[in-house]
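Note on naming: letters A, B, ... go to the chains in the order of the sequence lines (proteins, then strands), and numbering restarts at 1 for each one.
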Number of protein chains: 2
Amino acid sequence: MHDVAQLAGVSNKTVSNVVNDHPHVSPETRARVQRAIDELGYRPNLSARGLRSGRTGVIGLAVPQLRQPYFAELADAVIAAAERRGLSVIIGQAGADRAHETAVLANGLRQTDGLLFSPEHLGTEDRGLLDDVTYPLVLLGERIFGGPNDHVTMHNVEGARAAVEHLLSLGRRRIAVVGAHPDRRTGQMRPSDLRVRGYREALTVAGVPEDPRLEVVVAPWLPVNGVEATRELIASGVEFDAVLALNDSLAIGVLRALAEAGRRVPDDVAVIGFDAIADGRFTTPSLSTVDPGREEIAETAVAMLVERIEDGDRALRPRRFHKAAFRIVARESTGASTDVVGPWLPHPPATDGRD
Amino acid sequence: MHDVAQLAGVSNKTVSNVVNDHPHVSPETRARVQRAIDELGYRPNLSARGLRSGRTGVIGLAVPQLRQPYFAELADAVIAAAERRGLSVIIGQAGADRAHETAVLANGLRQTDGLLFSPEHLGTEDRGLLDDVTYPLVLLGERIFGGPNDHVTMHNVEGARAAVEHLLSLGRRRIAVVGAHPDRRTGQMRPSDLRVRGYREALTVAGVPEDPRLEVVVAPWLPVNGVEATRELIASGVEFDAVLALNDSLAIGVLRALAEAGRRVPDDVAVIGFDAIADGRFTTPSLSTVDPGREEIAETAVAMLVERIEDGDRALRPRRFHKAAFRIVARESTGASTDVVGPWLPHPPATDGRD
DNA sequence: TTGAAAGCGCTAACAA
DNA sequence: TTGTTAGCGCTTTCAA
């Protein structure tokens with residue numbers, strides 16, 4: 001920078017002004033400095049800038065595991081939203097255990113201005129941890145609820161309810177739900193609890209009796225567990241003509257297990273998932289699902305985090321809470337006839353498996 | 001840090017020594033400083049450290065798109081490998097176009113000590129760009145070949161060849177390959193070119209005649225294109241009793257299109273993919289594939305990058321080239337009977353769909 | 001509109 | 001074994 005200033009015959013400050021697009025620089029000075037920058041191939045040292053300004057231009061995203069398609073697609077959307085704002089994203093995988101997540105929350109991710117955190121293990125009982133957080137934080141999902149932080153999530157209850165209403169509208173009455181979590185204590189806000197609540201609400205409204213044998217407890221939400229749970233459901237002899245899988249990964253396992261058992265989808269059993277991951281478009285049959293609005297979640301969360309970062313220490317805004325719009329995506333697994341082949345777009349506006 | 005030094009009654013330097021686990025600090029001093037650190041909740045400013053030391057403790061990973069399962073799983077493995085070494089990972093998505101990739105290569109990712117770069121658009125003709133790179137760089141894949149950089153990749157030719165040999169061993173002779181890329185010019189080192197080469201080699205060795213109609217050109221490698229290509233192959237009337245899909249995403253589309261057309265897998269058509277993404281375990285039928293050794297690729301690439309970073313400007317080592325071990329994973333789509341259900345492990349040693 | 005000077009928090013080099 | 005000094009490259013404050 002010093003070299004640039006010398007070559008252009010100005011001071012450091014002026015170079016800095018040019019680099020940062022500050023006003024109050026005469027066009028000719030700006031041009032002269034720019035020429036010097038190009039000639040010398042000058043690139044600002046971002047560590048130094050970070051030291052001086054207290055900003056790194058990097059945000060953190062902590063997810064359980066990137067190899068779970070939902071989180072990969074979420075990360076994709078978050079990175080895109082951040083890059084639109086000139087920010088980089090450090091991704092941390094904290095899903096190994098509670099200790100790992102606690103450590104992430106206590107420290108943030110290194111070298112970042114703020115954190116988007118999607119916890120897997122932390123729950124309402126860990127709410128107290130949030131009060132100690134001193135950096136800008138936006139939570140994704142509802143596992144830790146009621147803290148002082150901004151929160152972006154999806155319509156878990158409403159989405160699941162709409163999914164079940166969709167199944168009911170097909171005339172199904174024996175609707176199983178796969179992916180309930182064990183009741184550790186009441187009042188939990190885990191996605192499984194919320195989605196099960198939506199499932200029950202839909203049944204209640206329709207006057208369809210609940211049957212505990214149709215609520216299959218299985219965690220975590222991986223295809224392999226969807227297979228196993230469905231095999232057990234079939235083996236139990238309970239009759240069912242539809243399945244709500246609480247996410248698409250489970251649903252893929254459900255489809256697999258039903259095919260093994262010779263149950264036809266959707267004729268014998270209709271299946272709907274949740275998340276609208278891309279893979280669901282290409283299963284056989286293609287997978288109906290709830291699109292939770294992942295792009296909106298990513299965009300909103302990044303926007304909120306940026307605002308918090310820019311606020312700095314001032315507590316200017318109240319805590320905010322945003323739920324993205326959702327919609328039901330009806331595909332073959334609930335009887336819709338869809339042609340999966342469409343035009344390929346390198347970065348389509350809707351990237352999450354919508355048809 | 002100054003506060004810590006005062007509270008502990010020592011100098012800044014001593015605090016620094018404690019924080020960095022330097023030797024030559026007496027145990028009692030260390031304990032006293034540590035107590036002060038804990039009491040004050042001191043956290044080192046990493047920007048300042050980065051400024052002073054010239055290291056950020058962050059590496060970059062540039063992939064085309066995180067939402068493609070192969071890259072999500074690769075990123076998962078890279079992050080895990082980096083975290084084992086106390087490093088963070090900034091992920092950039094550069095797949096939008098050539099210009100984006102060129103910019104990434106020219107600048108690196110901001111705030112990083114080095115870059116792992118998996119290009120999609122840059123090719124052998126862009127080799128010259130590599131000579132201008134001034135930061136530690138390890139390339140993934142073979143698109144830009146023969147540059148001065150370390151390189152980690154997979155056995156594309158051998159893997160594809162082994163896959164076709166597997167199909168031949170089942171008695172298949174009319175083997176289609178889906179995912180060849182258009183011939184822009186000869187001597188290309190794109191994965192598609194290499195895998196097609198392996199395909200041809202296997203046929204030649206077995207004395208099975210090549211048939212250009214069985215080489216289906218389609219790009220990019222997305223499920224939707226696998227569907228479309230397979231529909232066209234079927235519509236063309238060419239007979240085939242097996243398909244090598246050049247990656248698993250294509251293969252998932254191939255399975256889908258074959259099911260639509262009423263072709264039974266593997267009875268009528270055996271199918272094998274490439275990459276061993278997790279989804280392939282749960283398709284119906286489950287997908288045979290080539291496991292390219294993703295964990296090994298990630299671990300090796302991170303290790304090489306760290307060495308280059310530690311070397312600094314000194315050109316101590318010659319350029320290195322590493323190909324990970326691969327293996328064929330036989331599942332139902334080539335006639336193996338596999339039970340997909342196994343124990344669930346939060347971070348299994350083999351994370352990539354191996355059975 | 002531009003310049004000069006100070007200092008962000010840390011670590012390397014050297015001194016004690 | 002510990003302390004002192006200087007300076008990494010930038011931006012901010014204040015003065016010109």
Going by an N to O cut-off under 4.0 Å, is there a salt bridge joining [X] and [Y]?
X: B/D113; Y: B/R308; answer: no
X: A/R320; Y: A/E307; answer: yes
X: B/D150; Y: B/R317; answer: no

message: For the backbone of A/N45 and the side chain of A/R49, can you confirm whether one donor and one acceptor N or O come within less than 3.5 Å of each other?
response: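 Such a contact is absent between A/R49 side chain and A/N45 backbone.
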Whole Å only: how far is the [atom1] atom of [X] from the [atom2] atom of [N]?
X: B/L46; N: C/dC10; atom1: CG; atom2: P; value: 9 Å
X: B/R32; N: D/dT2; atom1: CZ; atom2: C1'; value: 11 Å
X: A/H2; N: D/dT11; atom1: NE2; atom2: P; value: 16 Å
X: B/H24; N: C/dA12; atom1: NE2; atom2: P; value: 14 Å
X: B/N45; N: D/dG9; atom1: CG; atom2: C1'; value: 14 Å
X: B/N17; N: D/dT4; atom1: CG; atom2: P; value: 14 Å
X: B/Q6; N: D/dG3; atom1: CD; atom2: C1'; value: 14 Å
X: A/R55; N: C/dC8; atom1: CZ; atom2: P; value: 18 Å

[N], OP1 or OP2 - any side-chain N/O from [X] closer than 4.0 Å?
X: B/T14; N: D/dG3; value: yes
X: A/T29; N: C/dT2; value: yes
X: B/N20; N: C/dT11; value: yes

- prompt: Does one side chain, of B/Q93 or B/H100, offer a donor that lies under 3.5 Å from an acceptor on the other?
  reply: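 The criterion, which ignores hydrogens and geometry beyond distance, is not satisfied for B/H100 and B/Q93.
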First encountered from the 5' end of DNA chain D, between B/L51 and B/S11: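 Result: B/S11.
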Which residue lies more 5' along DNA chain D, comparing A/P44 with B/G9 via nearest heavy atoms: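 Its nucleotide being nearer the 5' end, the pick is B/G9.
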Please determine, for the side chain of [X], which listed nucleotide ([options]) has the closest atom?
X: B/H22; options: C/dG9, C/dA12, D/dT2; result: C/dA12
X: A/K13; options: D/dT2, D/dT12, D/dC10; result: D/dT12
X: A/M1; options: C/dG9, D/dC10, C/dT2; result: D/dC10
X: B/N12; options: C/dG9, C/dT11, C/dA4; result: C/dT11

query: B/V19 near the nucleic acid: base, sugar-phosphate alone, or nothing, with a heavy-atom cut-off under 4.0 Å?
result: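 No contact at all - B/V19 keeps every heavy atom at 4.0 Å or more from the nucleic acid.
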- prompt: Across the strands shown, which category fits B/S26 at heavy-atom distances under 4.0 angstrom: base, sugar-phosphate, nothing?
  reply: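 Sugar-phosphate, no base atom in range.
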message: If you go through the side-chain atoms of B/R52, does one of them form a donor-acceptor pair with the base of D/dG7 closer than 3.5 Å?
response: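 Answer is yes: a donor-acceptor pair is held.
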